[in-house]
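Values below: every heavy atom of this structure, side chains too, minus hydrogens, waters and symmetry copies.
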Amino acid sequence: VTVFVIDFLNRRRDEQRELRQLQDQLVRDASSTSNETAKNAVHQLMKRSWLEGDRGLLQGMDLSLAELEDAYLINANLQKAKLVGANLNGASLGGAQLEGADLSLARLGGTSLSGANLNNAHLFGTVLQRAYLDDANLQGADLTGANLEGANLLGVSLQGARLGSAQLNGAILSYANLD
């Protein structure tokens with residue numbers, strides 16, 4: 001019986017180690033500069049429910065310069081993630097948690113951020129042309145120098161947001177809260 005219990009515990013420990021190694025590899029791959037590698041990693045994380053909620057594996061991670069164009073990150077927890085210079089053009093980030101995330105100089109043209117939480121996010125110099133930010137929370141966000149030309153900001157909350165030198169030509173700001 002003792003041998004059986006020890007063997008069981010050893011197998012369980014090995015399985016947990018392999019699972020952790022897989023998770024670590026997928027997080028590393030999500031930060032790849034290869035679009036296919038990064039998108040596949042995000043797909044695998046989403047499929048295993050490792051992106052959402054308090055246990056989202058990408059929260060606080062450094063994904064700077066990642067090639068996540070057209071990636072599917074709906075409801076992903078990216079709180080305090082570092083996405084500096086990342087390519088997220090055409091990505092789906094609706095409902096994503098990006099509170100305190102650093103998206104400085106990132107490219108988010110045509111990206112869907114509908115209902116996303118970008119509270120206190122850093123979006124300095126970020127390209128958000130034709131992005132969909134309807135009903136997003138941008139309270140306290142730094143949008144200094146951001147390009148929001150043609151962006152949909154319908155019903156967005158911009159309370160306390162910094163918009164110095166932001167380009168807003170053609171942006172839709174109907175029902176936006178600009179307090």
Checklist entry - Among Leu128, Asp70, Leu93, which one satisfies side-chain contact (heavy atoms from CB on, under 4.5 Å) with Thr111? => result Leu93

Checklist entry - Can you tell me how far the CG atom of Asn147 sits from the OG atom of Ser165, to the nearest 0.5 Å? => result 12.0 Å

Checklist entry - Would a hydrophobic clustering, with Ile, Leu, Val, Met, Phe, Trp and Tyr connected at side-chain separations under 4.5 Å, put Leu45 with Leu88? => result yes

Checklist outcome for this item: For residues 97-122, the salt bridge (charged side-chain N to carboxylate O under 4.0 Å, His left out) pairs (sequence neighbours left out) are Glu67-Arg107

Item to check | Co-members of the apolar cluster containing Leu154 [side chain, <4.5 Å] | outcome: Tyr175

Item to check | Nearest-0.5 Å distance that lies between atom CG in Leu163 and atom CG in Leu143 | outcome: 5.5 Å

Next on the checklist: Does Arg11 have more than 12 heavy atoms from other residues, nucleotides or ligands lying within 6.0 Å of its CZ?
Outcome noted: yes

Next on the checklist: Is any side-chain heavy atom of Leu51 closer than 4.5 Å to one of Leu57?
Outcome noted: no

Checklist entry - With the 4.5 Å side-chain cut-off for hydrophobic clustering, are Val42 and Leu98 part of the same group? => result yes

Checklist outcome for this item: Residue pairs meeting salt bridge (charged side-chain N to carboxylate O under 4.0 Å, His left out), one or both in residues 52-62, sequence neighbours left out, come to none

Item to check | Close side-chain approach of Gln167 and Asn169, heavy atoms under 4.5 Å | outcome: no

Next on the checklist: Quick check for you: to the nearest 0.5 Å, what is the distance between Leu103 atom CG and Asp142 atom CG?
Outcome noted: 11.5 Å

Checklist entry - Does a side-chain heavy-atom distance below 4.5 Å link Trp50 with Leu22? => result yes

Next on the checklist: Give me the atom names and distance for the closest heavy-atom approach of Ala38 to Ser32.
Outcome noted: CB-O, 3.9 Å

Next on the checklist: With a 3.5 Å distance limit and no angle check, can you tell me whether Asp7 reaches the backbone of Leu9 through a side-chain donor-acceptor pair?
Outcome noted: no

Item to check | Sequence neighbours excluded, every pair satisfying salt bridge (charged side-chain N to carboxylate O under 4.0 Å, His left out) that has a member inside residues 17-46 | outcome: Asp14-Arg17, Arg20-Asp24

Checklist entry - Run the side-chain contact (heavy atoms from CB on, under 4.5 Å) check on Asn35 and Leu68 step by step: do they pass? => result CA-CA 6 Å; Asn35 184 249; Leu68 291 162; 5.5 Å; no

Checklist outcome for this item: Shortest non-hydrogen pair, Leu153 vs Ala171, comes out as CD1-CB, 4.2 Å

Next on the checklist: Nearest 0.5 Å, please: how far is CG in Leu173 from CG in Leu133?
Outcome noted: 10.5 Å

Checklist entry - Only one of Asp179, Asn177, Leu138 clears side-chain contact (heavy atoms from CB on, under 4.5 Å) with Leu158; which? => result Leu138

Side-chain donor/acceptor pairs under 3.5 Å, residues 117-125, sequence neighbours excluded:
from	atom 1	to	atom 2	distance (Å)
Asn117	OD1	Asn119	N	3.0
Asn117	OD1	Asn137	ND2	3.4
Asn117	ND2	Gln97	OE1	3.2

Checklist entry - Given the rule that I, L, V, M, F, W and Y join up when any side-chain heavy atoms are under 4.5 Å apart, are Leu113 and Ile172 in one cluster? => result no

Checklist entry - What is the distance from atom NE2 of His43 to atom CG of Asn40, rounded to the nearest 0.5 Å? => result 7.0 Å

Checklist entry - Between Tyr72 and Met46, what is the shortest heavy-atom contact and its length? => result O-CE, 3.6 Å

Next on the checklist: Can you tell me how far apart OG (Ser31) and CG (Leu65) are? Round to the nearest 0.5 Å.
Outcome noted: 9.5 Å

List the atom pairs, with distances to 0.1 Å, where a side-chain N or O of residues 75-84 and a protein N or O form a donor-acceptor pair under 3.5 Å, not counting sequence neighbours.
from	atom 1	to	atom 2	distance (Å)
Asn77	OD1	Gln79	N	3.1
Asn77	ND2	Gly53	O	2.7
Asn77	ND2	Gln59	OE1	3.3

Checklist entry - Is there a path of hydrophobic side-chain contacts, each under 4.5 Å between heavy atoms of I, L, V, M, F, W or Y residues, that connects Leu58 with Leu26? => result yes

Item to check | Val1-Phe8 co-clustered via ILVMFWY side chain contacts under 4.5 Å | outcome: yes

